Amino acid sequence: MYRDATARGSRGGAGRDGERRGGTARAAARSADEARWPLTRRGWSFLAVAVAALLAAQILGRRDLLSLGIFLLLLPGAGLLYLRWSRPVLTARRWFDPDRAEVGRPVRVHLAVDGTVNGVQALAQEDVDPALGTPLRFRVPEPGQMPAGDGARTRRVRGRYRYELHPTRRGVYTAGPLRLRRQDPFGMTARQVLTGEADTVVVRPRLVDLRGGQDEGWRDVRGLSPAVRTTAQSDIDVSTRDYHPGDPIRRVHWPASARHGKLMVRQELSTTTPPAVLLVDDRIGAHLSRTGAAFAPSAGSGQLVTSDGFELLVSLGLSLAAELSRIGADVVVRSADGNPLLGTSPTALDDRQELFARAAGVADLAEGLAGLSLRETGRTAAARTRRGLSRGNRPSGSGRSGEDTDHPADHPVFDPAVLRGLPHDVPDGDLFVLAGELTDTETARLAALAGSVAAAHVVLVLPRPEAAGRTLNRLRDAGWAAVAVERHATVRSTWETLTREHTTRPARRHPLVTGPIGGTAGGTGSVGRPGSTTDSRGSTR
């Protein structure tokens, strides 16, 4: 029989985070105390009275006080022996529905508890990370369960329970093990017993559908939609043309023929969408400022080093990849220095994977992004120092424009070499950059990348987006569709801002790469300069 615990307030709202974490901390402290000193308050009280009675018996010479003191002293010892004798034998198994968790989507946990319990009831509790919700609590065995048959005090436990987890942040969490708190019949002693193993809960980032309507998406915004939409079964577009003698009669398109008043035949044309490149800046120094201070792994953090601004970029990046994959584009995902973004994620199925195609590829990307943390670079110490600067000493723009050189130990970010080794048709696709605060040098490098693809788009998460006009103007002059948002923006509002920026910009044709993308490492590559032209021999004038 199932016992449903979802109605007992397992949904974790933001206003109750402190209450949940405080209750978890108190429970952990009590568990630690009981592990060191198994006596309860009643047990300590009886022990104190026993010591007092023994002292009084010694001073007054009263045998009745001596007997009372010995009796009271033996009660806690008897309680400890009882707990050792009545140790329960239980197994706890759990499974999740759905088996893949996502931020903002509830996960129902099915818990099966089987075994035997000797003596009095025990209070059971599921150990659950505070970021997932309120832990389930119940008693075993429950009232009314029959004895097991091998003793009047032994009861068979067979319980089925349900409760919900409500992930509020991506990461790697645990559910379980089952914690049993047992007391002797007199309440003198208590023990904590862990039953079963903990199960890992991988929470993926929130995936937002970026389509404004049933038939609207990035293909429409970019102007890539053909006159007749791609069929669901293939990447072949069907258009019509005039009938020519010799065309098979089975290719006649009768509705079009009736509309035009003459014979029209179907003409199948390939409409494969060029691949897209997604660069995500995962350096901790770019997200340490007032975009939301990074926090280290702790209870409720999902074992991640992250920030609110970086969480926005991760969710936006996954949603972008899903939208691009929906219109038929393969997505190459890299970090700002050109390495595979998932190379440092413990949840990545393949830490060298950087090409994600179709729904299966988006699922692999979501799994890898669940465990992605901000990574330490040589800038981290300097970024922490900048956080202590007053507002008057902070330069205008994106907030980091006064820092112009990379740390020697860092690989150059947004260098043309980050696009090395990409498919040959990438210059016909889109480049998306999701970043935090940029230096002047990084802005200049990023501006140069606009000429390497057909369309370039950048989203910056900044503490003061209204003060980033200088950085945005430099990028826009170079051909980028550039927007800046603050860390509390939503994925939907950020996407709408980016598409509005793209559609309202004047059309501009950029020269494409004339040689291998990226050139040599650390060099400028062969990216054309805005305003230059390229002849058929590949030379730039």
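Computed from a predicted model, the values in this text were never measured in an experiment.
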Candidate pair Thr494 and Thr497, rule side chain to side chain donor-acceptor pair (under 3.5 Å), full reasoning: CA-CA 5 Å; Thr494 303; Thr497 303; over 6 Å; no
I'd like to check the salt bridge (Lys or Arg N to Asp or Glu O under 4.0 Å) partners of Arg474; sequence neighbours left out, ordered by chain and number. Asp440
Is the closest basic N to carboxylate O distance between Arg334 and Asp282 below 4.0 Å? no
Donor-acceptor contact below 3.5 Å, side chain Thr306 vs main chain Ser373: no
Does Arg169 pair with Asp308 as a salt bridge, N-O distance under 4.0 Å? yes
Note: Leu460 and Gly436 closest approach over all heavy atoms is CD2-O, 3.7 Å
Would you say Trp495's side chain and Leu210's backbone share a donor-acceptor pair under 3.5 angstrom? yes
So, do Val277 and Val453 sit near enough that their side-chain heavy atoms are less than 4.5 Å apart? no
When rounded to the nearest 0.5 angstrom, what distance separates CH2 in Trp254 from CE in Met264? 12.5 Å
Quick one: are Leu342 and Pro340 in side-chain contact, heavy atoms under 4.5 Å? no
Residues in side-chain contact (heavy atoms from CB on, under 4.5 Å) with Asp199, at least two apart? Arg94, Phe96
Could you pull out the closest heavy-atom pair between Asp281 and Phe310, with the gap in Å? O-CE1, 3.8 Å
Kindly give the heavy-atom pair with the smallest separation between Ala468 and Ala484, and that separation in Å. CB-CB, 4.4 Å
Test side-chain contact (heavy atoms from CB on, under 4.5 Å) applied to Arg487 and Leu313, Val461, Leu312, the passing residue: Val461
Between atom CG of Leu341 and atom CG of Leu372, what is the distance when rounded to the nearest 0.5 Å? 5.0 Å
Measuring only between side-chain heavy atoms, which start at C-beta, is Val203 closer than 4.5 Å to Leu132? yes
In short, Val202 meets Ala370 closest at the heavy-atom pair CG1-CB, 3.5 Å
Which label fits Trp95 and His110: parallel for a plane angle under 30°, tilted from 30 to 60°, or perpendicular past 60°? parallel
Hey, is the main chain of Arg206 close enough, under 3.5 Å, to the side chain of Ser315 for a donor-acceptor pair? yes
Stepwise side-chain contact (heavy atoms from CB on, under 4.5 Å) test for Val333 and Phe356: CA-CA 8 Å; Val333 182; Phe356 302 91; 3.7 Å; yes
Side-chain contact test, heavy atoms from C-beta onward, threshold under 4.5 Å: evaluate it for Leu472 versus Val483 and give yes or no. no
For a 4.5 angstrom cut-off between non-hydrogen side-chain atoms, does Thr174 reach Val201? no
So does Ala482 get a backbone contact from the side chain of Arg476, meaning a donor-acceptor N/O pair under 3.5 Å? yes
Any chance you could measure Arg420, atom CZ, to Asp415, atom CG, to the nearest 0.5 Å? 9.0 Å
Output yes when a side-chain donor or acceptor of Arg492 lies under 3.5 Å from a complementary backbone atom of Val208, and no otherwise. no
With Arg375, the side chain to side chain donor-acceptor pair (under 3.5 Å) member among Asp337, Thr344, Asn339: Asp337
Shortest non-hydrogen contact from Ala450 toward Ala478: CB-O, 3.4 Å
Is it true that Glu437 and Arg464 have a side-chain N and a carboxylate O under 4.0 angstrom from each other? no
When you compare the side chain of Leu369 with that of Thr347, does any pair of heavy atoms fall below 4.5 Å? no
Are Val459 and Val433 side-chain neighbours, meaning at least one heavy-atom pair lies under 4.5 Å? no
If you measure from OG on Ser319 to CZ on Arg211, what distance do you get to the nearest 0.5 Å? 12.0 Å
So, Glu102 side chain and Leu207 main chain: donor-acceptor pair closer than 3.5 Å or not? yes
Is a donor on one side and an acceptor on the other found under 3.5 Å between the side chain of Asn473 and the backbone of Gly469? yes
For Glu496, I'd like to know if atom CD has over 12 heavy atoms of other residues, nucleotides or ligands within 6.0 Å. yes
Any chance you could measure Phe432, atom CZ, to Leu324, atom CG, to the nearest 0.5 Å? 5.0 Å
Is any side-chain N of the basic residue among Glu367 and Arg204 closer than 4.0 Å to the acidic one's carboxylate O? yes
Would Thr441 and Thr439 count as a side chain to side chain donor-acceptor pair (under 3.5 Å) here? Give the steps. CA-CA 5 Å; Thr441 300; Thr439 67; 4.7 Å; no
I want to check something: taking the side chain as every heavy atom from C-beta on, are Leu449 and Val418 in contact at a cut-off of under 4.5 Å? yes
How far does OG1 of Thr443 sit from CG of Leu438, to the nearest 0.5 angstrom? 4.5 Å
Using modelled atom types only, decide if a donor and an acceptor are shared between the side chain of Ser345 and the backbone of Gly368 within a distance under 3.5 Å. yes
Would you call Arg326 and Glu323 a salt bridge, taking side-chain N to carboxylate O under 4.0 Å as the test? yes
Of all heavy-atom pairs between Gly176 and Ala198, which one has the smallest distance, and what is that distance? O-CB, 3.5 Å
